[in-house]
Amino acid sequence: MEETKKSLNFIEHIIEEDLGKDYSKSDLRFRFPPEPNGYLHIGHASSICLNFGLGLRYNAPVNLRFDDTNPAKEEKEYVDAIKRDVEWLGFQWDKECYASDYFQQLYDWAVLLIKDGKAYVDSQSSEEMAKQKGTPTEPGVESPYRNRTVAENLALFEQMKNGDFEEGIHVLRAKIDMASTNMLMRDPIMYRVIHRAHHRTNTDWCIYPMYDWTHGESDYIEQVSHSLCTLEFLPHRELYDWFLDQLVSKDKLRPKQREFARRNLSHTVVSKRKLLKLVEDGVVSGWDDPRMPTISGMRRRGYPPESIRNFVDTIGIAKRDNVVDVSLLEFHVREHLNKVAPRVMAVLNPLKVVITNYPEGEEEWLKAENNPEDESAGTREVPFSREIYIEQEDFKEEANRKFFRLKLGGEVRLKNGYIIKAESCTKDENGNIVEVQCTYDPKSKSGSGTEESLRKVKGTLHWVSIKHAETAEIRLYDRLFTNETPDANKEKDFMEFVNRDSLQIVTGYLEPSLKNVTIGDQVQFQRLGYFNVDQDSTDEKLIFNRTVGLRDTWAKLKEK
RNA sequence: UGGCCUAUGGUGUAAUUGGUAACACAGCUGAUUUUGGUUCAGUCGUUCAAGGUUCGAGUCCUUGUAGGCCAACCA
């Protein structure tokens, strides 16, 4: 219902227009067509959300189709990873398809094209063919094999299929136009010989179809109505249509390819080659390192799938070059986590505080709200005692009025606890503050309802009772690149922009309720940020990843 | 020096198809707050350029300018 109010993107305009003409609503079908040769990243997420989002909007099926036409690069491992990622994002595909399922049909059609004089076997080296291809400004020249007889072509193609030739000896080419201004129309290769086992068809085939010959025909076989791809495929559209022209039948739906601009995220790279380089050089720990823009990396980082979907929805889709600021993605991550993440207390940079008027050996359990955004989240109890940790940044011997934290002679509220006052501090031989001595007001306990408890003090600090603290490894992540567009610089290699401080590991002191968390759990460490339990965690050692920090207006003030 | 695509605040996207340029993020003010979080209120700022058509142009036309894509037996 709300949907009708939302403005349409240009793809939706195209669909609406088509619905008014030659398509009915039941004709609509989409597809997400990854090549199983690597991990999915944020750019794919955008395409997934676009195609599956359209499916949801029009109540149309969406196929997951693996474009597996190159056994030299593709593996089942990637198929499984891709399926997991799409599911995790929250989408369900209609059919699970593989281009390799259509190899026989594609072959039969290719034979038809040969018989029709529309395709021929070329027997030159790739270098020779490249030379003949011409350049964008000069036409190409025709291959000397271009006018082989149909019988000869048929025989040769059959032999190629049977594995009678080494790789690189012959290819099948479409006979189109060597003078076309579109380089892709200059007799594009349809088949090449590859002697290699395929992850699904094993060694059944010795020839494999090229992308252009496969993609549109697969769309046609699956009766995909709108085949959406990125802008660099725009010149392919002419060829996509040419191939379809050769075999499409009137009574079946004819797919159309339309193109959109890929989404670029600031402070990152997404090309498979570059991501691989980060992995191989050990800049990151793997494809699912929480700093990687891969879907598995973002999952491990703790980005909720809802936030990724909302993000993609917000940035929309268009045809111009773009760089979306990563802070918009972080906004959606926070927006979601704010609603669902339980609040807990953890100290990452501890400074010991002794409450001198609190009885030694005594402890008490204080009631704490789990999530102020969600009453149903309930409460828990946190232990308080004479010695606690606060953050080092939360204490200064002296500071101006703008510092809402603890300073000598000043008061501050301990979250869920008492109001304390800093009386003195001790330093080590280097002048570093190692302990702060405070007094507390026993009547100021949070929630007790006393006049003292209602007293307003400007600052509220999070804290952890030392005696009760659990320790954990905390992995603090920052942006992987210092530059907004690391791969857009022509003089400098993107590796020069790698942020060497993108991972900082510290020991955190946590309130004891955190003892029971399991891998994947997400919490807010109050005043610090959102964290999740990393998969490396064991019973002996807890490990948290910082998903994203809280918005920090104090940090901004300090910069000024 | 060919062909094709694109140009709207700092960023990303809209604009009922020729009729008041708006939404989100970011920024800035302030209020609320037992998270310097959240929330709320306010604020800053936009049609690549020059012509033309029109009562009226972000939208149509012309010419520029800038950016992108195209010469893998990759997808």
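Chain A is the first sequence line, chain B the second, and so forth, proteins listed ahead of strands; every chain is numbered from 1.
At a threshold of 4.0 Å, the pair Glu222(A)-Arg31(A) does not count as salt-bridged, since none of the basic side-chain nitrogens sits closer than that to a carboxylate oxygen. Contact check on Glu35(A) versus Lys73(A) returns no salt bridge, with no Lys/Arg side-chain nitrogen under 4.0 Å from an Asp/Glu carboxylate oxygen. A salt bridge is defined here as a Lys NZ or Arg NE, NH1 or NH2 lying under 4.0 Å from an Asp or Glu carboxylate O, and Glu393(A) with Arg405(A) fails to meet this definition.
Residues Tyr39(A) and Asp85(A) bring no donor and acceptor atom of their side chains to less than 3.5 Å of each other.
For Phe331(A) and A24(B), the CZ to P distance is 10 Å, given to the nearest whole Å. Atom pair Gln257(A):CD and C4(B):C1' shows a separation of 13 Å (rounding to whole Å applied). The distance from atom CG of Leu328(A) to atom C1' of G10(B) is 13 Å, rounded to the nearest whole Å. Distance Asp394(A) CG to G36(B) C1': 10 Å, rounded to the nearest Å. If you take CD of Glu238(A) and P of C5(B), they are 12 Å apart, rounded to a whole angstrom.
Annotation: cation-pi pair Arg148(A)/Tyr120(A) absent, no NZ/CZ under 6.0 Å from the ring centroid and within 45° of its normal.
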Could you pull out the protein-nucleic contacts involving nucleotides 15-19 of chain B (nitrogen or oxygen on both sides, under 3.5 Å)?
residue: A15(B); atom: OP1; partner: His13(A); partner atom: NE2; Å: 3.1
residue: U17(B); atom: O4; partner: His13(A); partner atom: ND1; Å: 3.2

Using the 3.5 Å cut-off, write out each protein N or O paired with an N or O of nucleotides 37-40 of chain B and the distance between them.
residue: G37(B); atom: OP1; partner: Thr553(A); partner atom: OG1; Å: 3.1
residue: G37(B); atom: N2; partner: Glu373(A); partner atom: OE2; Å: 2.9
residue: U38(B); atom: OP2; partner: Arg551(A); partner atom: NH1; Å: 2.8
residue: U38(B); atom: O2'; partner: Asn338(A); partner atom: ND2; Å: 3.3
residue: U38(B); atom: O2'; partner: Glu373(A); partner atom: OE1; Å: 3.1
residue: U38(B); atom: O2'; partner: Glu373(A); partner atom: OE2; Å: 3.1

Are there any protein N/O atoms within less than 3.5 Å of an N/O atom in nucleotides 29-33 of chain B, and if so, which ones and at what distance?
none

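The same atom, C1', is picked in G19(B) and in G56(B); the two are 7 Å apart, to the nearest Å. Comparing the P positions of C40(B) and U33(B) gives a spacing of 16 Å, expressed to the nearest Å. Nucleotides G64(B) and C4(B), compared at atom P, are 14 Å apart to the nearest Å. Nucleotides A71(B) and U65(B) place their C1' atoms 27 Å apart, quoted to the nearest Å. Nucleotides U63(B) and A21(B) place their C1' atoms 26 Å apart, quoted to the nearest Å. A gap of 29 Å separates the C1' atoms of U43(B) and A7(B), to the nearest Å. The gap from the C1' atom of C44(B) to that of A26(B) amounts to 12 Å, rounded to the nearest Å. The gap from the P atom of U62(B) to that of C69(B) amounts to 26 Å, rounded to the nearest Å.
Residues satisfying the side-chain hydrogen bond (donor to acceptor under 3.5 Å, both in side chains) criterion with Lys256(A), sequence neighbours excluded, are Asp18(A). Scored by the ring-ring contact (aromatic ring centres under 6.0 Å, His included) test, Phe384(A) finds Tyr358(A), Tyr418(A), Trp463(A) as partners (sequence neighbours excluded). Partners of Tyr145(A) by ring-ring contact (aromatic ring centres under 6.0 Å, His included), not counting sequence neighbours: none found. By the side-chain contact (heavy atoms from CB on, under 4.5 Å) test, Ala555(A) pairs with Asp552(A), sequence neighbours left out. Pro383(A) pairs by the side-chain contact (heavy atoms from CB on, under 4.5 Å) definition with Trp365(A), His468(A), Pro512(A), not counting sequence neighbours. Qualifying side-chain contact (heavy atoms from CB on, under 4.5 Å) partners for Leu231(A), counting only residues two or more places apart in sequence or in other chains: Leu234(A), Glu259(A), Ala261(A), Lys319(A). Residues forming a ring-ring contact (aromatic ring centres under 6.0 Å, His included) with Phe395(A) (at least two apart in sequence, or on another chain): none.
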(request) Kindly indicate, with the supporting measurements, whether the criterion side-chain contact (heavy atoms from CB on, under 4.5 Å) is fulfilled by Arg146(A) and Lys175(A). (result) CA-CA 7 Å; Arg146(A) 200 172 198 259; Lys175(A) 192 193 277 189; 3.4 Å; yes

(message) I'd like to know whether Cys97(A) forms a side-chain contact (heavy atoms from CB on, under 4.5 Å) with Phe66(A), so could you lay out the CA-CA distance, the side-chain angles of the two residues, the decisive distance to 0.1 Å, and finally the verdict.
(response) CA-CA 6 Å; Cys97(A) 306; Phe66(A) 292 97; over 6 Å; no

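With its glycosidic angle more than 90° from 0, U54(B) adopts the anti conformation.
Using a 4.0 Å heavy-atom cutoff across all strands shown, Val323(A) reaches sugar-phosphate atoms only and no base atom. Nucleic acid contact class of Gly447(A) (heavy atoms, under 4.0 Å, all strands): base. Among the atoms of the strands shown, only primed sugar atoms or phosphate atoms (P, OP1, OP2) are found under 4.0 Å from some heavy atom of Lys319(A).
Aromatic pair His267(A)/Phe481(A): ring centres not closer than 6.0 Å.
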(request) Could you provide the dot-bracket string of RNA chain B, using ( ) for intrastrand pairs, [ ] for crossing pairs and | for bases paired to another strand, with Watson-Crick or G-U pairs below 3.5 Å? (result) .((((((..((((.....[..)))).(((((.......)))))....(((((..]....))))))))))).....

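Between Tyr107(A) and Phe157(A), the ring-plane angle classifies as parallel under the 30° and 60° cut-offs.
A donor-acceptor contact under 3.5 Å links the side chain of Arg413(A) to the base of U34(B). In the interface, the side chain of Arg405(A) is paired with the base of G36(B) through a donor and an acceptor atom under 3.5 Å apart.
Expressed to the nearest 0.5 Å, how far CG of Asn182(A) lies from CG of Leu239(A) amounts to 7.5 Å.
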(request) Could you run through nucleotides 64-75 of chain B and give me one letter per nucleotide, 5' to 3': B if any protein heavy atom sits under 4.0 Å from the base, S if only the sugar-phosphate is that close, - if neither? (result) ---SS-SB-BSB

